[in-house]
Amino acid sequence: MTDTVVAGVSAASEAALHQAIAECEPAPLLMSMVHVTGDPGLLDEFGAGLTIEEPGNHYRTGVAPAVPPGTYPEDVAEAIRARAREVLTPDAVATLDVPDEELFRRMATICTSQRVDAEFVPLLLEQSGFRQDPRRVPVTVTPPADFDVIVIGAGIVGINAGIKLGAAGFGYTIFEERDDIGGTWHRNTYPGAAVDTPSHYYSYSFELNPNWSRYYPTGPEYQNYLLDVVAKYRLREHIRFGTRVRSATWLEDDKRWEVVTEDRVGLRTRHRARAVVTALGMLNEPNIPDVPGTDTFAGTIVHTANWDTSLDLRGKRVVVLGTGCTSVQVVADIVDEVETLDVVVRSPHWLVPEKTVGGDVPDGEKWAMAHLPFYDKWFRLRTYWFASDNLYPLPRIDKEWAATHVSASPANDMVLRTALEYLRKSFSDRPDLIEKLTPDFRPYAKRIVKDPGFFAALKREHVRLHRASFREITPEGVHTTDGEFVPADVIILATGFELQFTTTIDITGRDGRTLAQVWKGGEDPRAYLGVQVAGFPNLFVTAGPNSAPNHGAGHNITGEEQVHYLIECLQYLLENDLAAMDVTQEALDEYNRRVDEALDETVWVHPGAEVNGYYRNSAGRAVVPCPWRLVDYWTMLREPHPEDLTFISH
């Protein structure tokens with residue numbers, strides 16, 4: 001049966017439009033109407049019913065809002081939907097394209113119901129997908145054929161680097177140790193694996209995906225997204241799979257890097273490149289606890305990073321060690337399969353509720369993403385806005401407050417109270433579990449975990465929680481440090497990864513110094529802008545020290561910022577007929593002095609209790625978090641700063 005056609009538009013399309021209007025978010029819907037009608041007067045008409053707030057104000061005051069920030073009043077939302085039914089058609093097209101910066105700022109303010117300052121506009125235009133990152137260094141010289149770049153790793157950042165290098169005209173090769181792309185999302189196939197950053201934001205700003213099935217994507221769905229991007233940009237012809245980079249050595253006379261790779265059969269090959277980009281991430285090697293008796297266990301021991309997809313947990317007695325993001329996902333996913341489930345927790349995290357963690361995206365919302373002009377970009381802008389610099393106050397310390405509270409500030413205390421309320425409500429009849437699951441450190445000292453169903457799983461009759469660690473493993477099970485014996489058929493190690501900043505590769509710079517030596521075996525990594533290290537010309541480290549946006553947003557924005565910067569640096573060399581650049585030791589030291597000074601005002605340095613985690617090194621220095629707002633770090637990385645660099649001529 002065919003659809004009835006009315007004025008060239010099918011009845012099914014009309015129905016889809018009306019479903020979309022009913023189900024989609026009113027704020028991006030209003031913005032889409034402005035684009036379709038070309039009438040900015042709609043902003044004044046519907047904006048009059050909104051209260052425009054100071055961004056992040058409720059966090060600073062510690063007063064929780066009655067509704068989520070940016071929520072439109074119901075009467076305004078319904079009025080927008082009613083107008084949308086009048087002015088939108090299934091085949092609507094935009095009469096207003098990308099707004100100028102002044103209009104964009106007005107639209108962003110109404111879209112978020114918060115004041116959007118001018119400093120955020122360039123970042124928002126890029127991150128919401130309205131425009132790709134504009135080049136800053138003049139582009140008058142085409143990269144010569146011998147200006148080749150080696151990228152190490154084909155995860156989210158390596159893929160981005162390949163796309164941007166290709167677009168800028170640079171020849172490049174990506175070496176990937178594994179058999180396919182994806183990095184983390186190729187490796188992590190454990191039950192319940194999922195992204196804990198919203199799907200409509202945790203993606204490339206230049207490749208928005210209207211088809212996400214969930215607001216927080218599963219690992220397989222995210223991997224499929226990356227596979228689609230790789231196919232679109234034909235990256236596979238540039239990637240050498242099953243190839244591990246063993247070393248990279250700067251050749252002073254040749255002004256090039258010599259990179260040694262090893263393939264699956266152990267054959268080593270030497271390559272030359274003008275620049276090297278490490279895109280390995282910082283968490284690659286599984287953290288395997290050294291527990292006596294591990295090799296005696298009669299059952300199966302599996303780390304979540306090396307999951308055996310053939311492992312059948314049905315009817316098994318399972319023990320899970322860990323309580324971070326991975327552990328809570330595994331426990332929530334397998335609870336219905338196993339006979340018994342024992343969760344061993346050494347140090348619990350702060351868990352917060354997130355209603356959309358397991359939520360499916362309604363069909364109407366997906367239709368709006370795909371068909372309503374610019375809807376997807378405004379939806380992404382809102383998602384980013386409320387998960388980024390609005391959250392900047394949360395890990396910062398108010399010294400007067402912190403002197404008398406577990407929490408660090410009124411803002412930090414609001415997170416603590418939200419998490420405690422959720423914990424107490426979840427286990428109102430189980431004070432023993434409340435005690436075991438209450439952390440003794442400040443929120444944000446370790447990663448905040450969004451609950452995918454972990455608390456609900458712990459209330460099941462066949463599930464037990466142990467506030468302990470492993471003391472010994474025997475053939476029959478596990479002895480915990482609190483004196484209990486737990487029989488087991490399967491032990492799951494959800495113990496995360498060892499922190500590694502590219503020091504597993506033998507990278508040798510000028511004067512024969514290795515990166516591992518400079519960074520003291522990875523114990524004290526320091527970089528300029530989190531990207532460059534003095535003595536290592538034309539080496540660009542992505543996901544480097546003190547570059548992670550731990551207060552909000554995600555790894556995707558860091559990767560885009562750093563890839564943009566390295567492209568600008570390479571073009572600068574071409575425009576000035578230079579062979580290489582290096583950062584001065586003075587500039588690196590001064591940058592890190594400012595980093596440490598800013599971090600000293602955060603819970604990452606002053607967690608409120610002894611905290612074991614990957615944010616800090618053994619000396620207590622925070623080596624992972626970036627101390628700046630996202631907009632600050634983004635601005636720093638727009639182009640190279642010649643005053644901080646030295647240059648090598650041909």
Side-chain angles (χ1 to χ4, degrees), residues 187-193 283-349 427 430 432-440 446 449 453-499 610-614 618:
R187 174 169 218 154
N188 285 312
T189 59
Y190 60 83
L283 300 170
N284 293 293
E285 189 66 26
N287 178 27
I288 309 292
D290 184 13
V291 181
T294 296
D295 57 351
T296 69
F297 186 55
T300 300
I301 299 179
V302 60
H303 192 283
T304 52
N306 297 318
W307 191 260
D308 179 359
T309 54
S310 67
L311 181 60
D312 186 358
L313 298 177
R314 288 175 296 181
K316 298 291 198 305
R317 299 169 299 173
V318 177
V319 177
V320 176
L321 177 64
T323 187
C325 298
T326 298
S327 175
V328 300
Q329 290 174 351
V330 169
V331 169
D333 193 83
I334 69 174
V335 66
D336 289 326
E337 296 181 50
V338 301
E339 178 182 325
T340 62
L341 180 57
D342 286 81
V343 185
V344 181
V345 175
R346 181 180 62 180
S347 176
H349 285 241
F427 302 108
R430 292 291 304 275
D432 58 317
L433 289 182
I434 293 174
E435 181 180 0
K436 289 178 179 179
L437 288 166
T438 301
D440 59 359
K446 292 173 110 175
V449 177
F454 178 68
F455 279 1
L458 293 182
K459 292 190 286 188
R460 303 286 292 277
E461 289 186 3
H462 65 297
V463 179
R464 290 195 305 160
L465 178 73
H466 309 263
R467 181 71 180 267
S469 191
F470 285 8
R471 180 173 61 82
E472 181 185 9
I473 296 175
T474 68
E476 296 79 25
V478 174
H479 289 277
T480 65
T481 52
D482 63 357
E484 287 196 69
F485 175 72
V486 184
D489 303 308
V490 177
I491 296 172
I492 298 174
L493 302 176
T495 48
F497 295 85
E498 295 181 6
L499 182 65
E610 187 59 36
V611 172
N612 293 310
Y614 67 89
S618 60

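Basis for what follows: all heavy atoms, side chains included, without hydrogens, waters or symmetry-related copies.
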Tightest non-hydrogen contact, residues Ala488 and Val319, listed as CB-CG2, 3.6 Å
Nearest 0.5 angstrom please: Asp308 CG to Ile301 CD1, how far?
13.5 Å
Under 4.5 Å between any side-chain heavy atoms of Leu311 and Val302, yes or no?
yes
Flag side-chain contact, heavy atom, 4.5 Å: Arg317 against Pro487
yes
Exactly one of Thr480, Val478, Val344 clears side chain to side chain contact (heavy atoms under 4.5 Å, CB included) with Leu321, and that residue is Val344
If the threshold is 4.0 Å, N to carboxylate O, is there a salt bridge linking Arg460 and Asp336?
yes
Spacing of Glu461 atom CD and Thr340 atom OG1 [to the nearest 0.5 Å]
13.5 Å
Looking at CZ of Arg467 and OG1 of Thr438, how far apart are the two atoms once the value is rounded to the nearest 0.5 Å?
8.0 Å
Heavy-atom side-chain proximity of Asp432 to Phe427 below 4.5 angstrom:
no
Taking all non-hydrogen atoms of both residues, which atom of Thr294 and which atom of Val291 are closest, and how far apart?
OG1-O, 2.6 Å
Minimum heavy-atom separation for Gly192 and Asp333, please, with both atom names.
N-CG, 3.4 Å
Side chain Ser327, main chain Gly324, donor-acceptor under 3.5 Å:
no
Would you sort out whether Val318 and Asp342 count as a side chain to side chain contact (heavy atoms under 4.5 Å, CB included), showing the intermediate values?
CA-CA 6 Å; Val318 177; Asp342 286 81; over 6 Å; no
Side chain to side chain contact (heavy atoms under 4.5 Å, CB included) between Asp489 and Thr300: does it pass, once the steps are laid out?
CA-CA 7 Å; Asp489 303 308; Thr300 300; over 6 Å; no
Of the non-hydrogen atoms in Ala494 and Val320, which two are nearest, and what is the gap between them?
CB-CG1, 4.3 Å
Heavy-atom pair with the smallest gap, counting every atom of Ala332 and Gly453
CB-C, 3.7 Å
Please assess Leu465 against Val345 for the test side chain to side chain contact (heavy atoms under 4.5 Å, CB included), listing each intermediate value before the final yes or no.
CA-CA 7 Å; Leu465 178 73; Val345 175; 3.3 Å; yes
4.5 Å side-chain heavy-atom contact, Ser347 and Lys446
yes
For the residue pair Phe297 and Glu476, what are the closest heavy atoms and their distance?
CE1-C, 4.2 Å
Test item: side-chain donor near acceptor, Asp482 and His466, under 3.5 Å:
no
Stepwise side chain to side chain contact (heavy atoms under 4.5 Å, CB included) test for Ile473 and Ile491:
CA-CA 10 Å; Ile473 296 175; Ile491 296 172; 4.1 Å; yes
Within-4.5 Å side-chain heavy-atom neighbours: Phe470 and Leu493:
yes
Side chains of Leu458 and Leu437: closer than 4.5 Å at any heavy-atom pair?
yes
Using a 4.5 Å cut-off on heavy atoms from C-beta on, say whether the side chain of Tyr190 contacts that of Gln329.
yes
Verify the distance criterion only: is there a donor paired with an acceptor across the side chains of His303 and Thr495 at less than 3.5 Å?
yes
For Val335, is there any backbone N or O sitting under 3.5 Å from a side-chain donor or acceptor partner on His462?
yes
Regarding Glu484 and Arg471, does a basic nitrogen lie under 4.0 Å from an acidic carboxylate oxygen?
no
Are the side chains of Arg464 and Val343 in contact, using a 4.5 Å heavy-atom criterion?
no
Using 0.5 Å steps for rounding, measure from the CG atom of Leu341 to the NZ atom of Lys316.
14.0 Å
